[in-house]
Amino acid sequence: ILAVLATAYTAFAPKELDTWRDLAEFTYEGNIAQDLNNEGDLTRGGALRYWFQQLHRESLSRVLFGYGPGATRPADEEADLEDFSNPLDAESKVGRLAVTAILWEGGLVGLFFVFGLFASAYMTAQHLLRESSGDPYRHALFSTAQVALVLLFVSLWHKQFFVFLVGYQTVFALILGYLAYWVRNGARMSR
C-alpha cells in the first residue's frame, strides 16, 4: 500500500519527480525547509518557526496563555466579525498545525495540558491493556485505543484538526470517554 501511495504521489506531483527520494526531498522542502509556500502562506515548519521568532515580541502572559480561542481561525466571510479584532494574521495560516494553533491560542500552558491529556489517555489505555491480558476482546480494544491515540497525537504535528475539526474532536472525546468508562466499570464487569 505504501509503495502504491508513493508511486501515485510521485506520478501526480506538481513538478517532475523521478524517484521516491525526489518526492521525499520535494515534500521536505515544501513543508519544513521553506517558511512560505507558493501562495504566500506559512508552511508547517514555517508556522512553528514563526511562533518561536515572535517570542521576544510577546508579553510573558501571551507566551504562557496565548491570545485565546479562535485567534488563529481565518475570518469567515459570511460571519459578521466587525467587533472582533484578531491580533494575529490568521490569513497567513499561523495555525496551520494544531501545535502552533494551540501555542497561539492557549500558549505554552495550553500545549502542556493538551500533551498531558494525550499522555494520560495513553497511559490509561496501557494500564487497561495490562489488566485485560486474559480477555482477548478487551485486550484488542485497548490496543486499538493506544494506536488511535498515537495517530491522533502525530496528527497534531501535521494538520490543525484538533483545534478546528469537530469530527476529530468527537473521535478524541469518544476515546477518552471509552477509557474513562472502562477505568470506572472495568473491574466490576470482569467479575
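Note: hydrogens, waters and symmetry copies are ignored here, and every other heavy atom, side chains too, is used.
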Original post:
Just by modelled atom types, is the V94 backbone N or O under 3.5 Å from a matching donor or acceptor in the T100 side chain?
Top reply: yes
**OP:** Begin with the C-alpha distance, continue with both residues' side-chain angles, and end with the deciding distance and a verdict on side chain to side chain contact (heavy atoms under 4.5 Å, CB included) for F113 and I102.
**Re:** CA-CA 10 Å; F113 279 119; I102 294 166; over 6 Å; no
Subject >> Flag if over 12 foreign heavy atoms under 6.0 Å of CZ, R21 >> reply: no
Subject >> Minimal non-hydrogen separation, Y122 against Q146, with atom names >> reply: CZ-NE2, 3.3 Å
Original post:
How long is the span from the CG atom in L149 to the CE atom in M123, to the nearest 0.5 Å?
Top reply: 11.5 Å
**OP:** Measure the CZ-OG distance between R138 and S143 for me, rounded to the nearest 0.5 Å.
**Re:** 12.0 Å
**OP:** Specify the closest pair of heavy atoms between F164 and Q169, including all atoms of both residues, with the distance to one decimal.
**Re:** N-NE2, 4.0 Å
Subject >> Any side-chain heavy-atom pair of F153 and V150 under 4.5 Å >> reply: no
Original post:
Can you hop from V183 to Y137 via hydrophobic side chains spaced under 4.5 Å?
Top reply: yes
**OP:** Would you name the heavy atoms of F162 and L156 that are closest together and state the gap between them?
**Re:** CB-CD2, 3.4 Å
Subject >> CH2 on W104 to CD on Q54, rounded to 0.5 Å >> reply: 5.0 Å
Subject >> Sole residue of T170, L174, L176 in side-chain contact (heavy atoms from CB on, under 4.5 Å) with F172 >> reply: L176
Subject >> Joint cluster assignment, F115 & L179, ILVMFWY side-chain distance < 4.5 Å >> reply: yes
Original post:
Where is the tightest heavy-atom contact between F142 and A125, given as atom of each residue plus distance?
Top reply: CB-O, 3.9 Å
**OP:** Working to the nearest 0.5 Å, report the span between CG of L64 and CG of L111.
**Re:** 12.0 Å
**OP:** State yes or no: do V171 and F118 share one hydrophobic cluster built from I, L, V, M, F, W and Y residues joined by side-chain heavy-atom distances below 4.5 Å, directly or via other members?
**Re:** yes
Original post:
Does the side chain of L129 reach to within under 4.5 Å of the side chain of H139, using non-hydrogen atoms?
Top reply: yes
Subject >> Residue pair L36 / T43, side-chain heavy-atom distance below 4.5 Å >> reply: no
**OP:** Please confirm whether the backbone N or O of D135 pairs with a side-chain atom of S132, one donor and one acceptor, at under 3.5 Å?
**Re:** no
Subject >> From S133 atom OG to L128 atom CG, the distance as rounded to the nearest 0.5 Å >> reply: 12.0 Å
Subject >> Donor-acceptor contact below 3.5 Å, side chain Y168 vs main chain L152 >> reply: yes
**OP:** Provide the closest heavy-atom pair for Q34 versus R49 in the form atom of the first, atom of the second, distance.
**Re:** O-NH2, 3.3 Å
**OP:** Kindly give the heavy-atom pair with the smallest separation between A101 and T72, and that separation in Å.
**Re:** CB-OG1, 3.7 Å
Original post:
R44 side chain to H158 main-chain N or O, any donor-acceptor pair under 3.5 Å?
Top reply: yes
Subject >> Straight-line distance of Y178 OH to T144 OG1, nearest 0.5 Å >> reply: 9.0 Å
**OP:** Check the hydrophobic clustering (I, L, V, M, F, W, Y; side-chain heavy atoms under 4.5 Å; chains of links allowed) and say if V147 and L2 are grouped together.
**Re:** no
Original post:
Is Y50 reachable from L108 through a run of I, L, V, M, F, W or Y residues, each pair having side-chain heavy atoms under 4.5 Å apart?
Top reply: yes
Original post:
Does some side-chain heavy atom of W157 sit less than 4.5 Å from a side-chain heavy atom of L48?
Top reply: yes
Original post:
Would one find more than 12 heavy atoms of other residues, nucleotides or ligands at under 6.0 Å from atom CZ of F112?
Top reply: no
